[in-house]
Asker: 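After the structure tokens below, expect a handful of questions from me.
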Amino acid sequence: MTRTVYLNGDYLPETEAKISIFDRAFLMGDGVYEVTSVLGGKLIDFDGHATRLQRSLNELDMPAPCDMDELLAIHRKLVEINGIEEGMVYLQVTRGAPDDRDFVFPDPETTKPTLVLFTQNKPGLAETVKPLKIISIDDVRWGRRDIKTVQLLYPSMGKMMAKKAGADDAWMVQDGFVTEGTSNNAYFIKGNKIVTRALSNDILHGITRAAVLRFAQEAQMDVEERNFTIEEAQGADEAFITSASTFVMPVVEIDGVTLGDGQAGPRALRLREIYLDESRKAAI
Ligand code: PMP
């Protein structure tokens with residue numbers, strides 16, 4: 001079945017959705033995005049994603065393509081048209097396509113933002129637990145990782161480095177400390193304590209991170225937001241990642257060192273269960 005996508009006000013077959021070669025996202029990576037998961041045909045934490053989108057737009061002085069109620073309606077319609085029970089909705093906003101290539105931002109009065117949404121169907125998304133092997137790589141990204149831009153070349157390279165090394169993903173390290181995964185936030189568990197890097201411009205403020213840390217505290221686990229090294233994580237009882245598309249996913253190996261008995265950790269699996277239960281209840 002051909003997927004229906006959304007482009008600047010129209011719902012179109014994916015083969016008919018076309019964007020200008022002058023679009024700023026194509027020429028300069030001048031765009032932001034969000035990924036919202038769908039469970040049971042409903043959106044998980046839409047408000048969190050919409051709020052972060054608005055923040056990304058503000059930080060880049062980029063006009064919003066529409067208000068957030070309209071955005072919700074578009075998400076819902078795409079989920080319905082494409083019959084998505086489990087999967088994701090991807091959204092991209094770019095600074096639009098001016099008449100010519102220029103580093104200077106175009107006038108927002110004459111150059112309107114480009115808004116694109118598309119779905120990805122992932123039946124079994126919530127049931128699939130694949131414990132991850134992680135390698136560490138240098139974090140050479142730019143200094144505003146709190147803005148969710150479409151500049152995903154280094155994260156993409158990181159995934160390829162992991163694949164080449166026979167692993168599943170990479171955690172990035174800056175000045176000796178783990179920042180985050182290529183497309184997820186990074187954590188370890190020692191005893192009753194969950195440790196993850198504190199929020200700053202160095203990492204994306206994960207929507208899943210916020211929810212999981214809230215639920216962890218409710219489940220009487222301690223949360224410590226601080227810098228940590230790869231060596232400390234290697235010595236932990238468990239480790240895991242979070243993102244909208246993986247929820248909570250256990251990590252069982254870091255740079256060749258096996259954590260615990262090499263099986264998905266019970267506390268990470270419990271956090272995943274709580275996150276999925278609570279998210280399904282609040283889905284819209
Ligand atoms: N960090 C990075 C670099 C990411 O790309 C992502 C996912 N887009 C995350 C963290 C997790 O964020 P979220 O939980 O909002 O998906």
Side-chain angles (χ1 to χ4, degrees), residues 29 31-39 43-57 59 71 75 86-93 117-118 120 122 125-126 132 134-162 168-174 177-188 194 196-216 223 225 227-228 239-251 268 271-272 274-276 278-279 282-283:
V32 298
Y33 77 111
E34 280 297 331
V35 184
T36 304
S37 56
V38 177
L39 292 176
L43 300 161
I44 300 301
D45 220 334
F46 177 81
D47 281 351
H49 290 283
T51 302
R52 184 172 63 190
L53 173 67
Q54 191 57 64
R55 179 178 181 278
S56 293
L57 292 167
E59 292 297 310
L71 218 49
H75 275 74
E86 291 199 353
M88 277 89 75
V89 182
Y90 282 81
L91 165 156
Q92 290 206 182
V93 184
L117 285 92
F118 60 90
Q120 285 195 350
K122 299 274 178 196
L125 186 66
L132 304 173
I134 299 292
I135 60 163
S136 62
I137 60 174
D138 283 344
D139 196 339
V140 302
R141 297 173 300 162
W142 78 323
R144 290 302 307 274
R145 302 158 192 158
D146 56 311
I147 308 174
K148 196 165 170 61
T149 77
V150 298
Q151 301 169 113
L152 295 171
L153 183 54
Y154 190 65
S156 187
M157 289 168 72
K159 298 255 192 217
M160 294 311 294
M161 288 185 243
D168 304 295
D169 207 345
W171 284 5
M172 295 176 280
V173 174
Q174 170 178 284
F177 298 107
V178 174
T179 50
E180 58 188 333
T182 57
S183 62
N184 42 68
N185 291 112
Y187 311 73
F188 72 81
I194 300 172
T196 194
R197 192 179 177 105
L199 297 180
S200 70
N201 291 354
D202 293 337
I203 62 168
L204 187 74
H205 302 187
I207 302 304
T208 320
R209 177 189 185 280
V212 167
L213 293 188
R214 198 169 62 242
F215 298 144
V223 172
E225 294 176 75
N227 283 358
F228 66 92
F240 65 94
I241 59 160
T242 64
S243 73
S245 52
T246 61
F247 313 121
V248 176
M249 195 59 78
V251 167
L271 282 171
R272 180 182 174 92
I274 296 172
Y275 174 78
L276 286 171
E278 295 296 327
S279 299

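Values below: all heavy atoms of this structure, side chains included; hydrogens, waters and symmetry mates excluded. Every number for a ligand or one of its atoms is a count from 1 in the order of the listing. Only a predicted model underlies this, so the values are computations on that prediction, with no experimental measurement involved.
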Asker: Sequence neighbours excluded, which residues qualify as salt bridge (charged side-chain N to carboxylate O under 4.0 Å, His left out) partners of D139?
Answerer: R141, R145
Asker: Do T179 and D202 have a side chain donor and acceptor closer than 3.5 Å?
Answerer: no
Asker: Under the ring-ring contact (aromatic ring centres under 6.0 Å, His included) rule, collect the residues that match up with H49, sequence neighbours excluded.
Answerer: none
Asker: Can you give me a line-by-line list of nitrogen or oxygen pairs between ligand 1 and the protein shorter than 3.5 Å?
Answerer:
unit_1: ligand 1; atom_1: 1 (N); unit_2: E180; atom_2: OE1; d: 2.6
unit_1: ligand 1; atom_1: 8 (N); unit_2: K148; atom_2: NZ; d: 2.3
unit_1: ligand 1; atom_1: 14 (O); unit_2: I207; atom_2: N; d: 3.4
unit_1: ligand 1; atom_1: 14 (O); unit_2: T208; atom_2: N; d: 3.0
unit_1: ligand 1; atom_1: 14 (O); unit_2: T208; atom_2: OG1; d: 2.6
unit_1: ligand 1; atom_1: 15 (O); unit_2: R52; atom_2: NH1; d: 2.8
unit_1: ligand 1; atom_1: 15 (O); unit_2: R52; atom_2: NH2; d: 2.9
unit_1: ligand 1; atom_1: 15 (O); unit_2: I207; atom_2: N; d: 2.8
unit_1: ligand 1; atom_1: 16 (O); unit_2: A244; atom_2: N; d: 2.8

Asker: Kindly write out the residues that satisfy salt bridge (charged side-chain N to carboxylate O under 4.0 Å, His left out) with D146, not counting sequence neighbours, or none if the list is empty.
Answerer: R55, R144
Asker: Would S245 and K122 satisfy side chain to side chain donor-acceptor pair (under 3.5 Å), going step by step from the backbone distance to the final call?
Answerer: CA-CA 10 Å; S245 52; K122 299 274 178 196; over 6 Å; no
Asker: Do the side chains of K148 and E34 get close enough for a salt bridge, i.e. N-O under 4.0 angstrom?
Answerer: no
